[in-house]
Number of protein chains: 2
Amino acid sequence: MPIYQAPIRDYQFILSELLNIYQYQELAGFEEVDPELVDAILQGVADFTTDIMLPLNSVGDHQGCKLVDGKVITPDGFKDAYKQYVENGWATLTCDPEYGGQGLPEVVGTFATEMKTATNMAFAMYPGLTHGAYSAIHVHGSDALKQKYLSKLVSGEWTGTMNLTESHAGTDLALLRTKAKPLGDDTFAISGEKIFISSGDHDLAENIIHLVLARLPDAPEGVKGISLFAVPKFLVNIDGSLGEANTLAATGLEHKMGIHGNSTCVMLFDNAVGELVGAPHQGLRAMFTMMNQARLGVGIQGLGVSDIAYQNALVYAKDRIQGRALSGVKQAEKAADSILVHGDVRRMLLSQKSFNEGTRALMGQQALWLDQAEREADPVKAKQASALAALFTPIVKGFVTDQGFKACVDAQQVYGGHGYINEWGMEQFVRDIRIAMIYEGTNGVQALDLVGRKLLADKGATLQVWSEMVKQFIGQHSANEQMQPFIAGLMDAAGDLERATGYIAKHAATNPDIVGAASMAYMQLFGISALAWMWARIAATSLAALEKGTDEVSFYQAKLKTGTFYMSYWVSQTRSLRKQIETSSEYIVAFEESDF
Amino acid sequence: MPIYQAPIRDYQFILSELLNIYQYQELAGFEEVDPELVDAILQGVADFTTDIMLPLNSVGDHQGCKLVDGKVITPDGFKDAYKQYVENGWATLTCDPEYGGQGLPEVVGTFATEMKTATNMAFAMYPGLTHGAYSAIHVHGSDALKQKYLSKLVSGEWTGTMNLTESHAGTDLALLRTKAKPLGDDTFAISGEKIFISSGDHDLAENIIHLVLARLPDAPEGVKGISLFAVPKFLVNIDGSLGEANTLAATGLEHKMGIHGNSTCVMLFDNAVGELVGAPHQGLRAMFTMMNQARLGVGIQGLGVSDIAYQNALVYAKDRIQGRALSGVKQAEKAADSILVHGDVRRMLLSQKSFNEGTRALMGQQALWLDQAEREADPVKAKQASALAALFTPIVKGFVTDQGFKACVDAQQVYGGHGYINEWGMEQFVRDIRIAMIYEGTNGVQALDLVGRKLLADKGATLQVWSEMVKQFIGQHSANEQMQPFIAGLMDAAGDLERATGYIAKHAATNPDIVGAASMAYMQLFGISALAWMWARIAATSLAALEKGTDEVSFYQAKLKTGTFYMSYWVSQTRSLRKQIETSSEYIVAFEESDF
């Protein structure tokens, strides 16, 4: 069975040193946050995920969920584990104290989520979706709705879902047909079929609150006619007790490549009673406000699963003896050397390690921006943080899950034939994480979002803000000789990104299809540049720690070496991505349908 | 259910025009080969694979194989399909006529294999492994052994397996422990456990001939002490009839990520009676002589599955309507445009298409070299063809399966959420083809084989032969203006390959570990360059056809457009691969084990 070592030391490094989140005491929720509290929480989650969730990961994969008499039964052990999860309060971390939450910053919650998805992605999705439903109601719901649902969603006693997709309407929600008929008493009768509903039904909680996109009778066509409704599995009485069953049901379970432990349901709403969340016809806007957070959550899956896959591949590479180093015998006492002596095994592991650690730092930065956007008193600061988080959202979701998937495939490759065998656990990681490139907006949609909404829509203003931050960093550190590899790598990546941005801007007006054709390579180029920025900052922080004196010299030196590798191996890709954008985008658009 | 259109027109183009195999009438087996015969065979295989094998592909995935009372039962329909396969003579295509084969060239057989693996990879592995066993006995077996086994293996009435791996000895066969004890009558008692034995047991054929690597009592340590034995499931009487069961059995079936329809067995040999194939202690050499062909077979899997995945993704992209083109509505009569209007969907499909068609041409070239190596009367020509086939073997296996896997992942991505659902068939392609990067030598081993045995061992002599062919081609066509994008792309790739080769050569003597660290990027760079060479040749052939006059103008023009895309999109990657080799290899080696 796969092992897991929660990366607590890395979290401490990011929170205390790299980002120094303890400097934000003036922000709501940060007042009482100190290293001791954060350590206690992260260690508690580490213990729970490693001891309780990890052993259930392969159980969930083997058993999957079952639909029996219209009810979903989760794999053995999930119910007990979820009960403990709720009792321990792990559902409440970042939620509003008014409804029983602990009000902790997102930057802390994000790392808790990483450990959960690393150890059991399918299980972690039950509370993950609940958090989405909580946010939707918290931000957009009426007071009555909040009173009715929030405290139960915060505690985890009830769970939540997001019902967007219909079989003919995935990316294009304008096409959706589910209807909402006013019943005259502030409630609505919801009718329609939704597919791909994660955690749509299960036996973990007493009630499930479905957030459902549907059209009112007077709705304009397209996305401007979509409203959001809260539709409970069981109706809730005024005293908060459960009433009769609503007229909705899971009518099917999808047979998926992975995340078997999570119930992916076909949901049928047959005049089910629901209430509006937010204003009529503003459902898509309500969904969009939660998107940055939801997409960060999916990106975290890419990181978490990539990290546990890496950890296990490293253990295997150290244990497995096979062949001898090309430069001669390294472990004469053994019948063969460990495969960690082989350059290509090291290459794969270093690629994973440098991606994971750089990404973890980026996730911290992104979560901190989300915290600042929500909690900064200064509206200018809040707006800038919000814009930066929006700009980086497609990176955090699209780039990270693409590369996280590849990292899992490489980790599987380290195992040789055993990587293909279920019992070793590696092939499950690959199957599970594959969905992260698809859901919450496919990565192609992320790339379009990056070039369209995030880059061109504000005429590059937010990118400019970030570019200034990068330039400022370079200015501060370019005199430091030890920073040379990092400054050089960062400048190299930033230079290619700038040229690619110019290409995008140039073609946006004349032929936007060309921008679409270039968008994926642009997102990858942006992502590699973003991690180069994080690695340069990690290097500066590590050098400062070494200079100050530390008894963890090897920790900081490993950071510098890993970062140096990143700057050579990963950053070497930016030139080709830029070339690819410049040379192939027009061909892609010009290719005739009949030529395929 | 996935569809399949056998790429017959592309086969004709490659065989008749690009390679013109009909010019080799003086080679054994080519005398009676003409376009009509080849068309008839390919069309026959196309019908059989599409009608019989394809519908069983998902059946095999769902049911898998079962081990009941020590016997493997294959999925429903496999037995009947295999019976037809044998009756139709599809097993005999490239086999020796002396034993009932049709003696056809490998270059024809290779494309038959592509259709088989495309439609049902798991099923195709039963005859695939049989062919390996046939070759081992045909090349290295005694006359008695040939008489005993070959005609039944050729017809497919009996099947074969290759038993190499033990749980502690995968890549490193020096570690293997299976023993062979002489019984004094030219037979041996084989004892040991083998794992990952594809087609190890099944109910498709009366008998299974296991080719087993084992050690004789007087064997030197390491790979120089390994011998090869033929060990039948049922002993064979002098008159060819089946005798008693041998003391061997499948004791377990592996639970795999994919290829569920193929039985991957743990085999236990308990003093099982076997006979030597080839000389004592020369077993590894016997395996090696078949390696080029076996690895071509695995590469073909990468191509075949990538192609069927592409075909289905293209159909889906044309059918699925979702959103509108960035440049405005394209299909006003529909509620949305087909997703083929979106640049990133086109990018994925074009990447797959240009990879598949270039690779198919390369597979033809490789198979032709293997034919020439075996059948050329002139020993100089035969030796050169053999050396070229050996050089390209890691490309054909390693590069093609790596990129073929990525192509399948992209094809799955085109389907959005449906790509993750089993019923649509795409996720099975991804799971099935994943093994091709691992077995028959992991792709890391392929990369080491390329730089070590194929490049450095002959001091680059064979690479030089190929480089001259490339230069000659460039010289012939550089004056042709229409060839400019192809000549430019080919020179670009070849230039990066030359520099990377220089880096490898330079470090080979001082620190071979650095060569290992660079090997994977080098193999990818070599592969992209090899396909650039094929695309340039395809372009020249297509231009010649257009110039000569043809009623298939659109076929040749699509080739030119697809090739132009390849030269921009794929070739843009060579600069970064070269940079990656030059800048990161030393860091990879220098990284301390404790820093991971």
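To the nearest 0.5 Å, the span separating OG on Ser572(A) from NZ on Lys579(B) amounts to 6.5 Å. With values rounded to the nearest 0.5 angstrom, Ile581(A) atom CD1 is found 10.5 Å from Tyr569(B) atom OH. For the atom pair CD of Glu254(B) and NE2 of His418(A), the computed distance is 7.5 Å after rounding to the nearest 0.5 Å. For the atom pair CZ of Arg431(B) and CD of Glu427(A), the computed distance is 8.5 Å after rounding to the nearest 0.5 Å. The CD1 atom of Ile339(B) sits 8.0 Å away from atom OG1 of Thr171(A), with the distance rounded to the nearest 0.5 Å. Taking CZ from Phe596(A) and CG from Leu350(B), the interatomic distance works out to 4.0 Å, rounded to the nearest 0.5 Å.
Comparing Ser585(B), Ala317(B), Gly417(B), Gly444(B) by heavy-atom pairs within less than 4.5 Å of chain A, the highest count is held by Gly417(B). Of the listed residues (Ser351(A), Ser167(A), Ala518(A)), the greatest number of heavy-atom pairs within a distance under 4.5 Å of chain B belongs to Ser167(A). The most heavy-atom pairs under 4.5 Å with chain B, out of Ala325(A), Gly258(A), Ala174(A), come from Gly258(A). Taking chain A as the reference chain and counting heavy-atom pairs below 4.5 Å, the highest number among Phe555(B), Phe196(B), Phe591(B) is found for Phe591(B). With respect to chain B, the highest number of heavy-atom pairs below 4.5 Å among Ile259(A), Val409(A), Val430(A), Ile321(A) belongs to Val409(A). Note: Arg347(B) leads His342(B), Arg347(B), Glu586(B), Glu592(B) in heavy-atom pairs under 4.5 Å with chain A. Between chain B and the options Lys318(A), Arg324(A), Arg434(A), Met426(A), heavy-atom pairs under 4.5 Å are most frequent for Arg434(A). Of all the listed residues (Asn422(B), Val515(B), Thr264(B), Thr165(B)), the one sharing the greatest number of non-hydrogen pairs under 4.5 Å with chain A is Asn422(B). Here Gly170(B) is the residue among Ser519(B), Ala590(B), Gly170(B) with the most heavy-atom pairs under 4.5 Å with chain A. Listed options Val345(B), Thr564(B), Val571(B), Ile195(B) were ranked by heavy-atom pairs under 4.5 angstrom with chain A; first place goes to Thr564(B). Ranked by heavy-atom pairs under 4.5 Å with chain B, the first of Arg320(A), Met257(A), His255(A), Met520(A) is Met257(A). Between chain B and the options Gln413(A), Met348(A), Glu582(A), heavy-atom pairs under 4.5 Å are most frequent for Gln413(A).
Looking at Gln412(B), both its backbone and its side chain come within 4.5 Å of chain A, counting heavy atoms on both sides. At a 4.5 Å heavy-atom cutoff, the contact between Leu175(B) and chain A is made by side-chain atoms alone. Neither the backbone nor the side chain of Leu173(B) comes within less than 4.5 Å of any heavy atom of chain A. Within the 4.5 angstrom heavy-atom criterion, only side-chain atoms of Leu340(B), from C-beta onward, approach chain A. Only the side chain of Lys353(B) comes within contact range of chain A, judged by heavy atoms closer than 4.5 Å. Both the backbone and the side chain of Ala335(B) come within contact range of chain A, with heavy atoms under 4.5 Å apart. Proximity to chain A involves both the backbone and the side chain of Ile435(B), based on heavy atoms less than 4.5 angstrom apart. Heavy-atom distances place no part of Ile514(A) under 4.5 Å from chain B, backbone and side chain included. Both the backbone and the side chain of Leu349(A) come within contact range of chain B, each with at least one heavy atom under 4.5 Å from a heavy atom of that chain. Heavy atoms of Phe405(B) lying under 4.5 Å from chain A belong exclusively to its side chain. For chain A, the nearby parts of Thr562(B) are the backbone and the side chain; heavy atoms of each come within less than 4.5 Å. At a 4.5 Å heavy-atom cutoff, Ala447(A) makes no contact with chain B through either its backbone or its side chain. For Tyr310(B), the part lying under 4.5 angstrom from a heavy atom of chain A is the side chain only.
When all heavy atoms of Phe565(B) and Ser584(A) are compared, the closest pair comes out as CE1-CB, 4.3 Å. Among all heavy-atom pairs drawn from Asn511(B) and Ser327(A), the shortest one is OD1-CB, 4.3 Å. Listed here is the closest heavy atom pair of Asp513(B) and Val341(A): OD1-O, 4.5 Å. Taking every heavy atom of both residues into account, Glu593(A) and Arg346(B) meet most closely at N-NH2, 4.2 Å. Taking both residues in full, the closest heavy atoms of Ser568(B) and Tyr587(A) are given as OG-CD1, 3.5 Å, listed atom of the first, atom of the second, then distance.
With contacts defined as side-chain heavy-atom distances shorter than 4.5 Å, the pair Met523(B)/Asp344(A) does not qualify.
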Verdict with reasoning, Ile438(A) to Tyr415(B), per side chain to side chain contact (heavy atoms under 4.5 Å, CB included): CA-CA 9 Å; Ile438(A) 298 172; Tyr415(B) 276 69; over 6 Å; no
Decide side chain to side chain contact (heavy atoms under 4.5 Å, CB included) for Leu326(A) and Leu448(B); before the verdict, give the C-alpha distance in whole Å, the side-chain angles of both, and the deciding distance to 0.1 Å. CA-CA 10 Å; Leu326(A) 294 181; Leu448(B) 270 189; 3.7 Å; yes
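No donor-acceptor pair closer than 3.5 Å links the side chain of Asp172(B) to the backbone N or O of Gln322(A).
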